[in-house]
Number of protein chains: 2
Amino acid sequence: MPKLWNQTIDAHRHAVRDAVLDAAAELVEGGGLRAVTMSQLAERAGIGRATLYKYFPDAEAVLAAWHERQITAHLAQLREAANRPGPAVQRLTGVLTAYADLAGQRHGGELAAHLHQSAHVGHAEQHLTHLIATLITEGADAGNFRRDVPPAELAAYCLHALTAATALTMPDARDRLVNVTLHGLRPVP
Amino acid sequence: MPKLWNQTIDAHRHAVRDAVLDAAAELVEGGGLRAVTMSQLAERAGIGRATLYKYFPDAEAVLAAWHERQITAHLAQLREAANRPGPAVQRLTGVLTAYADLAGQRHGGELAAHLHQSAHVGHAEQHLTHLIATLITEGADAGNFRRDVPPAELAAYCLHALTAATALTMPDARDRLVNVTLHGLRPVP
């Protein structure tokens, strides 16, 4: 087959896959993670059920793929916040605020807990811990953060502290949480 | 029946129940939460399977009861640390250190996540949040903690930050985590 044709097929496959994951996102938004069925997914994505089964074996596989896409997008968003110009303290504040906002949007329940145990989440958390530890090291070099605790431990502390945002719906409360968490990183006089 | 006889039956029931829960604890310690079966529980507790089924319908019910007993014991331990004599800062340090140690011992896996979603855990967390918020208020009155964030939010921050201890096996690292978390509570100059 000519290369162009292969690329067309590839682009088509990606488009169908994306449409299914968008459908999953809409259904999750509407009725929670448990409510999603293959029939609903096919209907919402505008494809036949037989086609859908060529892409995914079951609804759980769709949800896992959707979740993976979410995690990847979130990580890209946090990485972007980390790479903005400005001092490390300011960039870390941006990353932690974005993370608290994402935690505040998180869908609850048992299936969510199940999805969050996936290997993909583990990798993303490792990346994120490394990203935050790097900013903390940079900020410590500038005298803004403490040096008596390893940066990786401080990064893990940040990520865990900010999961308190899952119970906070008001942006003010989330800002206070970020502020308190950052304060824990400050040098001890 | 005479009252004394009732009390004897009651004490016997409690003793059997406790023996079953002790057996569950030992089995969990040995092989993880999933490995526990009714046959093993009966054998380890030194009772017949038929007797065991009079007390619990299945292994999951035993694990739920064991977990409830654990949570109650942990809460009592933390309450005791909160009620010791001394200034609020010192007592809060004791509570948070004990909590970090308990988090460090926590059994992982899917069933653990499932157990942790029980209503009993929710109530225990509410009690604990209240306990910590009270100590923070007391410490803030003495000028040791910040006043710009509601104590309940600070208490939730503490409990979430300390769950980072689940990945920390070294007591030194847990002490550093408690220290960083407490520092977040300090007044902003």
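This one's a predicted model, so the numbers in the text were calculated from it and none came from an experiment. Within every chain, numbering begins at 1; the chains are lettered A, B, ... in the order of the sequence lines, protein sequences first and strands thereafter.
When only modelled atom types and interatomic distance are considered, B:Thr37 and B:Gln40 share a side-chain donor-acceptor pair under 3.5 Å. Counting only N and O atoms by type, the side chains of B:Asn179 and B:Arg174 include no donor and acceptor under 3.5 Å apart.
Interface check for chain A: of the options B:Ala165, B:Ala164, B:Ala173, the most heavy-atom pairs under 4.5 Å are formed by B:Ala164.
For A:Leu154, the part sitting under 4.5 Å from any heavy atom of chain B is the side chain, from C-beta outward, and nothing else. Heavy atoms of A:Arg146 lying under 4.5 Å from chain B belong exclusively to its side chain.
For the pair A:Ala156 and A:Thr129, the tightest heavy-atom approach, listed with the atom from each and the gap, is N-CG2, 4.4 Å.
Distance check: A:His123 NE2 to A:Leu128 CG gives 14.0 Å after rounding to the nearest 0.5 Å.
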